[in-house]
A.B. asks: 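First, the structure itself, so that you have it in front of you.
The chains referred to below are lettered A, B, ... by the order of the sequence lines, with proteins before strands, and numbering in each begins at 1.
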Amino acid sequence: GDSVTQTEGPVTVSESESLIINCTYSATSIAYPNLFWYVRYPGEGLQLLLKVITAGQKGSSRGFEATYNKETTSFHLQKASVQESDSAVYYCALGSGGSNAKLTFGKGTKLSVKS
Amino acid sequence: GPKVLQIPSHQIIDMGQMVTLNCDPVSNHLYFYWYKQILGQQMEFLVNFYNGKVMEKSKLFKDQFSVERPDGSYFTLKIQPTALEDSAVYFCASSLANNQDTQYFGPGTRLLVL
């Protein structure tokens, strides 16, 4: 089946430092899955951070970026300068797309940003 | 952004009893989903639902599970009877019909089966 592996947390970074959370995927049910980063801020529900559906393309949101790399089956999340408000749990996911879509999630990476 | 609500936020129940988890999806969404997350593990797909029917379910969606959305009200997940291994956080999600894997999630219901 499909699977997603991401950096094991917790990850602690100081404010204004750079961040990378690694994500690799294995898609057996679909050749070109859609790739996602979701985020859960403390006390809130899971929300979509960014989505990329085409290999080679980059998605960005709130200063975060991720590039869909089909060759390395990766979708790493990066930010040049984190803020304390970025403290959250980040989930990489792949989508089967089309009808009857379902998401396959990684375990999540808890990020703490120190001021 | 669009909000999905889940009721209750927490539920404690004795093994063997029935439980119903309620989800209020985004108003114009037509696809609905349940996911299950056991503590320390990843969120896993249980089922998706469209037009009054289960479209796909995973092996985690046991015979004791059922879903429905009567008359456009709450989308519900019923477990009858519950088992100890059903203890988890259950997340509801919804999406548009033409953008199904962009799903909007609720905050989850934490279910503890004793």
Side-chain angles (χ1 to χ4, degrees), chain A residues 1-10 21 23-30 32-54 59 61-62 68 75 88-110, chain B residues 1-7 9-10 21 23-26 29-51 53-61 67 88-110:
Chain A
D2 300 338
S3 65
V4 174
T5 303
Q6 60 183 103
T7 300
E8 273 202 41
I21 299 176
C23 172
T24 56
Y25 67 89
S26 171
T28 58
S29 66
I30 183 170
Y32 298 95
N34 299 336
L35 299 178
F36 303 82
W37 279 99
Y38 278 84
V39 58
R40 181 180 295 130
Y41 296 103
E44 297 185 20
L46 201 65
Q47 49 185 280
L48 180 65
L49 179 61
L50 56 88
K51 168 185 177 179
V52 180
I53 64 172
T54 305
S61 173
R62 306 179 207 177
Y68 187 157
F75 191 56
V89 183
Y90 293 82
Y91 295 87
C92 184
L94 72 83
S96 56
S99 60
N100 304 331
K102 61 183 180 186
L103 296 174
T104 300
F105 285 90
K107 287 188 175 183
T109 302
K110 182 173 182 180
Chain B
K3 294 280 190 193
V4 174
L5 304 177
Q6 289 187 242
I7 301 164
S9 58
H10 295 78
L21 309 183
C23 172
D24 187 9
V26 177
H29 286 184
L30 297 178
Y31 271 82
F32 313 111
Y33 311 81
W34 284 102
Y35 290 81
K36 176 183 179 182
Q37 185 174 27
I38 293 173
L39 188 64
Q41 299 184 24
Q42 63 260 55
M43 206 159 24
E44 294 192 87
F45 170 81
L46 282 177
V47 65
N48 58 22
F49 186 86
Y50 170 73
N51 199 26
K53 292 182 290 200
V54 170
M55 305 303 290
E56 185 176 353
K57 57 186 180 182
S58 73
K59 63 181 186 297
L60 297 179
F61 193 79
V67 291
V89 182
Y90 290 84
F91 294 94
C92 172
S94 67
S95 71
L96 293 168
N98 61 354
N99 196 6
Q100 287 166 48
D101 61 3
T102 298
Q103 296 172 17
Y104 292 81
F105 285 82
T109 294
R110 188 175 299 273

A.B. asks: Kindly compute the distance separating CZ (A:Phe105) from CD (B:Gln37), expressed to the nearest 0.5 Å.
C.D. replies: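 That separation rounds to 9.0 Å.
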
A.B. asks: Rounded to the nearest 0.5 Å, how far apart are CZ of A:Phe36 and CD of B:Gln103?
C.D. replies: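 A:Phe36 CZ to B:Gln103 CD: 7.5 Å, rounded to 0.5 Å.
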
A.B. asks: Do the non-hydrogen side-chain atoms of A:Leu103 and B:Tyr35 ever get within less than 4.5 Å of each other?
C.D. replies: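 Counting from C-beta outward, A:Leu103 and B:Tyr35 do come under 4.5 Å.
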
A.B. asks: Rounded at 0.5 Å granularity, tell me how far CE in B:Met55 sits from NZ in A:Lys102.
C.D. replies: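 Spacing of CE (B:Met55) from NZ (A:Lys102) equals 13.5 Å.
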
A.B. asks: Could you give the distance from OG1 (A:Thr104) to CZ (B:Phe45), rounded to the nearest 0.5 Å?
C.D. replies: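 A:Thr104 atom OG1 to B:Phe45 atom CZ measures 9.0 Å (nearest 0.5 Å).
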
A.B. asks: If you draw a 6.0 Å radius around OH in A:Tyr32, do more than 12 non-hydrogen atoms from other residues or ligands fall strictly inside?
C.D. replies: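 No.
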
A.B. asks: Who passes ring-ring contact (aromatic ring centres under 6.0 Å, His included) against B:Phe32, sequence neighbours left out?
C.D. replies: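 Checked B:Phe32 against ring-ring contact (aromatic ring centres under 6.0 Å, His included); matches are B:Phe75.
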
A.B. asks: Report the distance from atom CD of B:Gln42 to atom OG of A:Ser3, rounding to the nearest 0.5 Å.
C.D. replies: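 B:Gln42 atom CD to A:Ser3 atom OG measures 8.5 Å (nearest 0.5 Å).
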
A.B. asks: Side chain, backbone, both or neither: which part of B:Thr102 has a non-hydrogen atom closer than 4.5 Å to chain A?
C.D. replies: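 Both parts, heavy atoms under 4.5 Å.
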
A.B. asks: Sort and list the pairs that fulfil salt bridge (Lys or Arg N to Asp or Glu O under 4.0 Å) and have at least one residue in residues 41-52 of chain A, not counting sequence neighbours.
C.D. replies: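 Qualifying pairs: A:Lys51-B:Asp101.
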
A.B. asks: Give, as side chain, backbone, both or neither, the part of B:Phe91 having an atom under 4.5 angstrom from any heavy atom of chain A.
C.D. replies: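 Side chain only.
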
A.B. asks: Quick one: what part of A:Leu46 sits under 4.5 Å from any heavy atom of chain B, side chain, backbone, both or neither?
C.D. replies: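 Looking at A:Leu46, backbone and side chain both touch chain B.
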
A.B. asks: If you round to the nearest 0.5 Å, how far is CD of B:Gln41 from NZ of A:Lys107?
C.D. replies: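 Here the interatomic distance stands at 6.5 Å.
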
A.B. asks: Between B:Glu44 and chain A, which part of the residue has a heavy atom less than 4.5 Å away: side chain, backbone, both or neither?
C.D. replies: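 B:Glu44 has no heavy atom closer than 4.5 Å to chain A.
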
